[in-house]
Amino acid sequence: MEPKIAEKAWDPKLENAILKKWEKEKLYDFQLSDNNYTIDTPPPYPSGRPWHIGAASHYAQIDMIARTARMSGKNVYFPIGIDRNGLPVELYTEKKHGIRMRETERGEFLELCKNALDDLEAEMIQIMKSLGLSGDFKNYYRTDSEDYRKFTQETFIDLWKKGVIYLATRPNNYDWVSGTTIADAEIVYEEIPTKLVYMKFITKETKKEIIIASTRPELLCACKTVIVNPNDERYSDLIGKELIVPLTNREVKITPHHSAKIEFGSGAVMVCSYGDQNDVALFRELQLGEVIAIGLDGRMTEVAGEYQGLKPKQARTKIIEDLKNANLVEKIEDISHRTPLSERSKTPIEIVPMEEYYLKQKDSLEKMKKLGEEIEFYPNMHKQILMNWLESISIDWPISRRRFYGTEIPIWYCNECSEPFVPEPGKYYRPWKDKCPAGKCEKCGNTEFTGEERTFDTWMDSSVSPLFVTKFNRDEEFFKKTYPTAIRPQAKDIVRTWLYYTLLRCEKLTGEKPWSEAWIMGYGLDEKGMKMSKSKGNAIDPLPVIEKSGADTFRFWSASEINQGYDFRCSEQKIESTRKFLSKLWNVSRFLSSFPVIKSGQISESDKWILSELDKLISVCKEGYSKYNFFIPSTAIREFTWNIFAAQYIEIAKARAYGIGFTDEERDGAIFTLHKVLSTILKLLAPITPFITEHLWQTLYSQDSIHKENLPDIENVDDMSEMTQLLSEFNSKVWNEKKQKELSLKDSIKIDVPETLSQFKKDLIAMHNLESN
RNA sequence: GGGCUCGUAGUCUAGCUCGGUUAUGACGUCGCCUUUACAUGGCGAAGAUCCGGUGUUCAAAUCACCGCGGGCCCA
């Protein structure tokens, strides 16, 4: 019989047609039912080209979660969203058009951002689709849509009414490049070379010289005290005495404090508002009055005297010169200093007192820990990231940002008495341009208002993703049937932010946890194990890789190469070489396609053996799938298909399948078993490589999609796995002997079938053309 | 400084829970082979101080302890 499959290899170009067919058949459309499995899909941020190959791999695996659930009989809701709020697009737009946000009309700037996002988003959607994501693309949402922003504002108004939002002036992490406050979670630390300046302070009474080392001499004008360790004998007689600050000639006290390290610098430390977080803690503890030395424009203020208007770095250079000229410097060391940077703009943050809105979180920490305990983490070890973070939270969450491209904080202020007005939910508010919905101020009756200009931290938007996709407050039935959602898949670097904030917000709004499971993925690194970045030039663009090798190859690589939760290395060569397995699967199928698909036959001992191995494979795969660990099924299937099914069983059963020297019933047993095994492999593999399995399934077995099938169940065939090695050893022995004797594989040879394999004797004699004994 | 986590060929990985073969398989490398559905293949080879040390034991990749190294987080 001619094989139904003629082509000699799987052609990834077929994927496109399969995609179109799925779309036409509405295969993955979601209809609400009582058995919903909701995925809180991470909405990717279109930050620029190329998209990260690690992220593409994340999404491929998230799709495997969806397909696994679908093939386990669940009604899968797999929403697709795009995260479009926040700083990166503002920076991208400024650079692209050579403009500055604050010097551009706000409405115009927002329009430019929106256009940039549309471009970047289109490519991302294309990659996600071509990866075979079985998500709800038709209803994909954007976090900057009126609908979403209205929703974010509603949740804010709700929290405002609950009294968990407040205004406070606090030293804040301030990123002066992006001109906004940032949360602790957005700070990254880097070792940066800097100068440690040993300055000469003078004691007021005795005119004795005291050396104080600092990396921030420009903050001399904001120095309010000098601390020394109480155990430091060098200074014990000076505690409580006054020092003259160089250049400014102000007087400050020497205070004992345990945080002064005896061995660092000279042991005496100047405390300024604010050099670092430690200064903040000391100012609070010692109740010092702060001096604002750096303004919101990132430049020195008038308290800096002649240094006013300079950037801190410029001021530092100048002040070091001046100190040197005045002979007030003992020495200068070049050191490497662990500097806090803004994660987004990568510039050193300053600590500046500012009035911002806060969301209370400190009083929820115990509750959060409890919820964290209840949520199942895959892999479990990453739960620790959340727990450690919960342990270290010390201040409430600052939620206001001085940026443009974000959800506006829906507040107006009375021009007369400054009383804030928060409108009713139900509308998208833009206070920077909309008229205040209140006729007059409730407090003073004034009718003039000023709109709030700030926006929310983007995590305020993305932290309600599980509520948005389940239609919280908008469709009660839908919400009831989909929330709490089943699973939150995400990357491990945003556990402290996205995962935590979602937990916090959803609990505050619904009293429940947002998901019962969290699935945490590692980073994609380059082939040497370095972090990929556009600036280093080691980033791999996923689009050409997928176009060249095909989505299934990429997906199988992702599944078989990445250990759950661990960082992984990406190399194009390795991805491409994964394709060999798909070729193998293709050719196995091509061979089987020359035999009719039949319902039954007389099962021989070798058939029972492969069916028992197949049972084992099913168990292993289902175990792996149940833990969302795709490494387990992908490697098990490859191993079984290649080394057991193709290399051993097909060879053993081939002669019987051709029916030479066997009865029709015996022949049918082989053909039945061959198809049984292949069709099972295809179903087991379908969540990982949906395209090739669909193509082969429909060519060989059914008009219907394989993705409507359920994962196969085991049939409890008697275990014969002890035979596997014996068979493969015997076969290798015969093949090797023929090779040594320079015989063709078809030639006959005299080798006895060992007693242990006597049950397979007939198949083995036919397979190797053994001289009967 | 503290916490978490990991350490098996160039790379990914199995084995570790519950100690016992010649340490599994794949990618890559090298050699041979038109030979079967598949040269996108087959056969074979080289490649591992199982991070190190000590202890327990007849026996340690596996158990215990002490180190070392990487990554992430916090200070």
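By convention in this document, chain letters (A, B, ...) are assigned in the order of the sequence lines, proteins followed by strands, and residues within each chain are numbered from 1.
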**Q.** Side-chain N,O (A:Lys580) to OP1/OP2 (B:C27) below 4.0 Å
**A.** yes

Q: Could you check whether A:Lys492 gets within reach of a base, just the sugar-phosphate, or nothing at all, counting any heavy atom under 4.0 Å?
A: nothing

Q. Whole Å only: how far is the CG atom of A:Asn380 from the P atom of B:C4?
A. 14 Å

Q. What does A:Ala647 touch in the nucleic acid at a heavy-atom separation under 4.0 angstrom: a base, only the sugar-phosphate, or nothing?
A. nothing

Q) With ring centroids as reference points, do A:Tyr501 and A:Trp397 lie under 6.0 angstrom apart? A) yes

Q. Should A:Asn388 be listed as having a side-chain N or O under 4.0 Å from OP1 or OP2 of B:C4?
A. no

Q. Rounded to the nearest Å, what distance is computed from the CG atom of residue A:Asn563 to the P atom of nucleotide B:G25?
A. 19 Å

Q | Pairwise P distance for B:A48 and B:U11, with rounding to whole Å | A | 12 Å

Q: Write down the distance between NE2 (A:His382) and P (B:C4), rounded to a whole number of angstrom.
A: 15 Å

Q: Please check if atom NZ in A:Lys733 has more than 12 non-hydrogen atoms from other residues, nucleotides or ligands closer than 6.0 Å.
A: no

Q) Across all strands shown, which nucleotide pairs with B:A26 by Watson-Crick or G-U wobble geometry, both distances under 3.5 Å? A) B:U11

Q. Just how far, in rounded Å, is P of B:U17 from CD of A:Glu623?
A. 18 Å

(Q) Rounding to an integer number of angstrom, what distance separates B:C66 and B:C30 when you compare their C1' atoms? (A) 43 Å

Q) Starting at the 5' end of RNA chain B and moving along, which residue's nearest nucleotide shows up first, A:Ala9 or A:Glu561? A) A:Glu561

Q: Searching all strands shown, indicate the nucleotide that pairs with B:G1 (Watson-Crick or G-U wobble; both distances under 3.5 Å).
A: B:C74

Q | Among B:C6, B:C12, B:C38, the nucleotide that comes nearest once only the side chain of A:Arg590 is considered | A | B:C38

Q: Assign A:Phe581 to base, sugar-phosphate, or nothing according to its heavy-atom contacts below 4.0 angstrom with the strands shown.
A: nothing

**Q.** Aromatic centroids of A:Trp586 and A:His695 separated by under 6.0 Å
**A.** yes

(Q) Using atom P in both nucleotides, what's the gap between B:A45 and B:C6 to the nearest angstrom? (A) 35 Å

Q) What does A:Trp642 touch in the nucleic acid at a heavy-atom separation under 4.0 angstrom: a base, only the sugar-phosphate, or nothing? A) sugar-phosphate

Q. Which pair of non-hydrogen atoms, one from A:Leu585 and one from A:Ser589, has the smallest distance, and what is that distance?
A. O-OG, 2.8 Å

Q: Kindly say if A:Tyr500 contacts the phosphate of B:C73, meaning a side-chain N or O under 4.0 Å from OP1 or OP2.
A: no

Q) Contact class for A:Tyr658 (heavy atom, under 4.0 Å): base, sugar-phosphate, or nothing? A) sugar-phosphate

Q | Pairing nucleotide - B:A60, Watson-Crick or G-U, each distance under 3.5 Å | A | none

Q | Which residue lies more 5' along RNA chain B, comparing A:Arg579 with A:Ile650 via nearest heavy atoms | A | A:Ile650

Q: Let me know the distance between CD of A:Gln725 and P of B:U24, rounded to the nearest Å.
A: 11 Å

Q: Report the distance from atom CG of A:Leu585 to atom P of B:A37, rounded to the nearest whole Å.
A: 17 Å

Q.
Can you tell me the base-pairing partner of B:G47? Count Watson-Crick or G-U wobble geometry only, both distances below 3.5 Å, and say none if there is no partner.
A. none

Q.
Is the distance from the ring center of A:Phe591 to that of A:Phe595 below 6.0 Å?
A. yes

Q. Taking the side chain of A:Asn587 as its heavy atoms from C-beta onward, which of B:G25, B:A37, B:A26 lies nearest to it?
A. B:A37

Q: Between B:G7 and B:G53, how far apart are the C1' atoms? Round to whole Å, please.
A: 16 Å

Q) Looking at A:Trp586, does any N or O in its side chain come under 4.0 Å of the phosphate oxygens OP1/OP2 on B:G41? A) no

Q: May I ask you to evaluate whether A:Asn643 reaches the phosphate of B:A26, defined as a side-chain N or O under 4.0 Å from OP1 or OP2?
A: yes

Q. Considering only the P atoms, how many Å lie between B:G25 and B:G42, rounded to the nearest integer?
A. 15 Å

Q. Hey, is the side chain of A:Lys584 poking within less than 4.0 Å of OP1 or OP2 on B:A26, counting only N and O atoms?
A. no

Q: Give a yes or no on whether the ring-centroid distance for A:Phe631 and A:Phe568 is below 6.0 angstrom.
A: no

Q: Using whole Å, report how far CZ of A:Phe377 lies from C1' of B:C72.
A: 16 Å

Q) If we take the P atom in both B:U22 and B:A60, what is their distance in whole Å? A) 13 Å

Q: Just do the salt bridge (charged side-chain N to carboxylate O under 4.0 Å, His left out) check on A:Glu666 and A:Lys762 with the steps written out, would you?
A: CA-CA 11 Å; A:Glu666 285 173 324; A:Lys762 197 170 176 189; 3.1 Å; yes

Q: Can you tell me the distance, in whole Å, between the CE atom of A:Met521 and the P atom of B:U5?
A: 21 Å

Q: Determine the interatomic distance between C1' on B:G47 and the same-named atom on B:C12; round to the nearest Å.
A: 15 Å

Q. If you measure from the P atom in B:U21 to the same atom in B:U35, how many Å do you get, rounded?
A. 42 Å

Q. Should B:G41 form a Watson-Crick or G-U wobble pair with both distances under 3.5 Å, which nucleotide is its partner?
A. B:C33

**Q.** Donor-acceptor pair (no angle test) under 3.5 Å: A:Glu651 side chain, B:A37 base
**A.** yes

Q) Is the CD atom of A:Glu374 crowded by more than 12 outside heavy atoms at less than 6.0 Å? A) yes

